[in-house]
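Following: one structure in structure tokens, then a few remarks.
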Amino acid sequence: MLSVADLAKRHSGAARPVFSSLSFAVAAGEIVALVGESGIGKSTLLNCIAGLDTPETGAIRIGRAQTDIVRLDPAGRAALRARQIGFVFQAFHILPTLSVEQNIAVPLLLGGVAANERAQRIEALLARVGLSGFALRRPATLSGGELQRVAIARALVHKPGLILADEPTGNLDPRTAGEILSLLLAQVRAEQAAALIVTHSQPLAMRCDRILTLTAEGLR
Amino acid sequence: MNTLAAWLIAAQFARRRTTSLLSLLAIALGVALGYAIHLINDTALADFRQAMRSVQGEPDAIVAPRDTTGSVGLALVEELTRDPAVLVVAPVIEVRVRVDQHALPVRLIGLDVFSAPAVMPALLPEGREAQASRAILDGGVYASPALLAKLALAPGDHLSLWRGNSRWPAVLAGQLPGSRPGDLLLVADIAWVQAHFGPPAGVGEARIRLAPGVDATRWRQALAERLPSDLLIRSDDDDSARVSNLSRAYRVNLNVLALVALLTGAFLVFANQLTAVAQRASQFALLGVLGLSPRRLMLQILGEALAIGLPGALLGLALGHALATAFTQTLGGDLGGGYFSGSAPTIIARPLPALGFLALGCAASLAGAAYPAWLNRQQDLAQALKSGFAEETASSSARHLWLPTVLGVLAYGLAQLPPVGDLPLAGYASIALLLVMGITAAPWLTQRVFAAGAELPLAAHQRIALQNVAQAPLLAQVAASGLIVSFALTISMVTMVSSFRLAVDRWLDEVLPAPLYLRGKATPLPDELLAALRQPDSPFARFEQTMHAALALDVQRPNVALIVREIDRDQPEARLPFTGAVSQPPPTQPVVWISEATQELYRLHSGQRVRLPLLGREIEVFIGGVWRDYVRQFGAIVISRSDYERLGGRFAASDLALWPQAGHSATAAAWLAPLAARFGCEVADAGEIRQLSLSIFDQSFAVTHALEAAAMLIGLFGLAVTLAANVWLRARELATLGALGFDRHMLSQAVILEGVLIALVGLLIGLACGIAIGAVLTYVINPQAFHWRMTLSVPWPSALAGAALTLAAATVASRYAARQATRLPLAQILADAQ
Ligand SMILES: Nc1ncnc2c1ncn2[C@@H]1O[C@H](COP(=O)(O)OP(=O)(O)OP(=O)(O)O)[C@@H](O)[C@H]1O
Ligand SMILES: [Mg+2]
């Protein structure tokens with residue numbers, strides 16, 4: 001589902017590269033935890049995979065067609081994200097001016113899904129993430145845990161093959177963090193999607209299928 | 001996708017209701033003003049043309065004397081009648097006459113009943129043809145219904161028509177049913193009119209209809225070649241061009257003002273969209289991360305602007321139509337400009353111009369959103385998602401002085417260029433460049449002012465605030481730009497108008513030497529009146545007479561006024577305000593003094609000898625000097641009565657300047673009043689004329705004051721919006737300062753200080769640009785468009801008072817922004833920021 005080959009990245013103006021010659025793959029339905037010290041380059045790696053940042057060398061192939069996102073132009077990357085990738089962020093990033101339902105609908109609108117199917121899918125997903133009855137609520141009236149549930153629903157609603165999560169539980173208390181991660185894992189499994197989850201929490205990482213550790217020397 | 005766009009636009013409107021609404025209104029105002037001016041002009045021009053045609057008919061050609069006191073000889077009329085290419089020749093004599101004791105001069109049109117119907121159907125008398133012909137040939141006079149109503153006359157009434165010393169006791173035979181509702185006209189047989197009022201040896205005009213199939217242009221050219229030099233030949237096109245030329249410069253000027261209003265609307269959209277983009281940078285980045293393509297993101301921002309511009313422009317069209325209707329009803333078709341008096345036509349809208357103005361409104365709003373959309377595209381998605389709007393991407397290279405310098409030099413160069421087709425197009429371009437120059441100078445000055453301010457021995461929180469703006473001045477620049485544009489425009493208008501008013505004031509002193517004036521409203525004064533003034537019991541020591549005629553020097557331009565005055569040909573400077581030295585004329589040659597407009601329109605100069613079509617022939621005259629005239633925009637020529645009479649002219653004064661005997665100034669006016677009233681003349685003292693002239697002046701510039709006020713309001717509003725947005729964007733920074741121990745009072749002080757300094761930058765640049773633009777208006781636009789020359793005088797007291805007022809308003813706006821800043825709950829902001 002995701003295969004990264006010989007990836008190297010150096011931020012403009014930085015003396016040393018963040019990482020070089022990284023290679024790994026994530027199979028369909030596999031959930032991989034990415035851990036490593038702060039500042040080591042986990043977010044940078046995720047951004048490269050999502051096409052938000054451009055690596056110096058290497059290839060990042062995504063989906064059944066194994067499209068190399070590095071080679072695409074910004075519009076092509078956006079289109080690939082809209083079809084293939086679901087995102088969950090540490091800071092939730094729910095659009096404050098749209099309702100819960102509308103927030104979840106955004107990927108479906110980008111994919112051109114018809115209105116009645118949109119409504120069905122959103123309703124079903126809201127039930128799965130435990131937010132039935134929240135459809136018309138404004139984001140400002142939700143707690144952090146609830147917001148992250150909305151974000152998980154949004155990441156899954158368009159049935160992407162790859163889920164990228166950057167410290168999805170970083171802003172939550174340990175009990176909620178556990179709940180949210182369970183939810184994320186369960187839903188990703190239900191969708192048979194591949195996932196790459198960055199986390200600082202060892203117990204949470206242990207619950208994934210595999211752990212990748214990013215160090216100054218490379219992946220372990 | 002469209003659903004998403006609609007959701008986002010709706011959400012944005014809900015969040016920024018006031019700003020969006022005001023942007024919408026500003027666009028509406030700009031479109032409304034532009035559209036209203038267009039409608040009024042269009043309607044007034046069409047109406048004026050139609051009025052001209054209803055009296056003149058639609059002849060293929062008109063042969064007329066170049067000197068309005070002249071005539072077309074009967075021999076030529078005969079010859080034209082015999083021309084096989086000519087279908088009909090309708091000779092016409094038109095004079096202004098007085099009816100009984102009424103003060104109103106009326107147009108009396110003498111026509112030939114046999115030829116007139118083919119050319120001027122609107123002037124046909126009522127009744128059956130044969131009967132009406134008999135009545136008119138017997139000396140019957142027909143009046144338009146409007147005139148009958150105005151003078152309370154009815155068919156069958158006896159009336160006395162008079163002009164100068166000539167009187168015609170006539171009978172009112174009937175009405176002119178074909179005349180237009182407002183027309184005040186009398187129609188009579190040409191022979192009767194000629195017998196009473198002249199001209200003795202010919203007719204006033206010959207209006208010609210050509211036979212079907214004749215090439216009119218060719219025929220006119222052929223005739224023009226063999227026409228004597230004192231006559232001219234005009235076509236309908238010439239007349240249309242002349243009517244349009246009459247008010248063209250005035251119209252263009254108003255249109256430019258309307259464009260300025262639209263420009264300020266575009267600026268508001270710009271401020272609105274830029275702040276909206278900055279505030280929502282992370283939201284837009286999120287949409288990008290979720291897969292919205294960069295192009296669609298840009299279209300989203302432009303779409304939001306269009307959601308303001310389109311309804312704004314539609315509202316503007318409706319408002320413009322209403323405005324145009326209201327204005328034509330109250331001020332007439334010329335907005336108080338005095339070009340087409342007495343017409344209050346109904347407004348008729350046409351689809352194409354309406355669509356054009358709709359497009360213009362939308363284009364203005366899109367132009368306002370273009371830079372914010374571009375700026376958003378430059379944002380790095382990952383970074384914007386993490387920490388919001390990044391300002392480094394916003395043109396740090398713009399902080400140099402070379403761009404404004406180049407623009408300033410270009411603007412100066414453009415101001416030196418001559419007009420294009422009598423319009424000061426290069427001058428307008430120069431003004432636009434000066435505005436852009438001001439805006440591009442803002443980054444440099446903002447950075448300097450704030451960096452210098454940060455060096456001052458200020459409290460820590462104030463220094464931090466100043467340093468912050470010096471390093472990230474984008475929004476500060478936007479706020480300053482709004483003030484620069486609006487203040488520059490206001491200062492330039494105020495400067496131009498006050499320079500002009502001062503010049504008119506001084507000029508009036510020079511052209512009104514006598515204490516009292518009597519005006520015959522373009523009809524000659526009867527000898528009886530002049531004799532009474534010469535009686536020994538008259539309280540007047542002396543008086544000077546003036547006669548008015550006109551010369552057609554160019555068929556496409558309005559006539560040049562010919563003013564025959566009792567003036568000393570060796571000492572004209574005693575009566576005329578010359579702009580330069582007066583040349584001594586050769587003793588045997590007639591001398592004329594031309595106005596500045598004549599000099600410029602016909603490229604003449606002092607000391608030159610020219611041939612003028614005077615008194616039925618071409619006469620070589622010497623140009624003795626150029627004098628200033630703020631009244632006759634299309635030119636005036638003064639000749640002395642002695643020269644005029646020596647050339648064979650019949651002097652018949654219509655106006656008098658009067659000097660009462662010493663000690664009689666109070667009684668003189670009282671003595672003159674009944675005498676003047678008896679002959680329908682007007683008496684005014686110099687003070688009254690001066691007052692009236694200045695109030696007409698003020699009225700014609702009233703519309704500019706409204707625009708100035710609107711511009712200042714928009715500028716201040718832009719300042720408030722951008723300051724508030726700035727505070728919002730820096731909420732985290734302010735919250736951090738708060739968390740570090742700065743109290744609310746300190747924070748609010750810092751924000752206010754920033755606002756005041758930004759306003760100061762805007763006002764400084766605005767003042768400089770405003771004076772420069774005022775100079776372009778005074779030295780380029782006014783002379784090129786209207787031939788009005790004057791010297792620049794900056795009204796420092798009002799300029800500085802305006803600046804102080806704006807600064808005070810800016811302080812209030814910053815206080816509002818500061819309150820917003822300190823209302824933000826610190827803890828929440830810090831928590832939100834991860
Ligand atoms: N835009 C940028 N320009 C320059 N350097 C950057 C940029 N973004 C990140 N870096 C640097 O790259 C390195 C990797 O950053 P990254 O955000 O990927 O770390 P991380 O592993 O996600 O850390 P954390 O666990 O704290 O989130 C850091 O040293 C950081 O300073
Ligand atoms: Mg990180």
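Values below: all heavy atoms of this structure, side chains included; hydrogens, waters and symmetry mates excluded. Proteins come first, then strands; the chains are lettered A, B, ... in the order of their sequence lines, and each starts at number 1.
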Q | Ionic contact status for A/R10 with A/E56, cut-off 4.0 Å | A | yes
Q: Against chain A, work out which of B/A285, B/A382, B/P294 has the most heavy-atom pairs shorter than 4.5 Å and name it.
A: B/P294
Q | chain B contact via A/N47 - which portion, at a heavy-atom distance below 4.5 Å | A | side chain
Q | salt bridge (charged side-chain N to carboxylate O under 4.0 Å, His left out) contacts touching residues 165-180 of chain A (sequence neighbours left out) | A | A/R149-A/E179, A/R175-A/E179
Q | Closest non-hydrogen atom pair between A/V4 and A/L22, with its separation | A | CG1-O, 3.7 Å
Q) Looking at A/A105, A/A75, A/S43, A/A78, which makes the most heavy-atom pairs under 4.5 Å with chain B? A) A/A78
**Q.** Listed once per pair and sorted, the ring-ring contact (aromatic ring centres under 6.0 Å, His included) pairs that draw on residues 39-90 of chain A, sequence neighbours left out
**A.** A/F87-A/F89, A/F89-A/H93
Q) When heavy-atom pairs shorter than 4.5 Å are enumerated against chain B, which of A/P96, A/P107, A/P160, A/A115 gives the highest number? A) A/P96
Q: Give a yes or no on whether a salt bridge exists between A/R118 and A/E123, defined as a side-chain N under 4.0 angstrom from a carboxylate O.
A: no
**Q.** Side chain / backbone / both / neither for A/R83 at chain B, heavy atoms under 4.5 Å
**A.** neither
Q: Name the option with the most non-hydrogen atom pairs under 4.5 Å to chain A; the candidates are B/L286, B/L381, B/L8.
A: B/L286
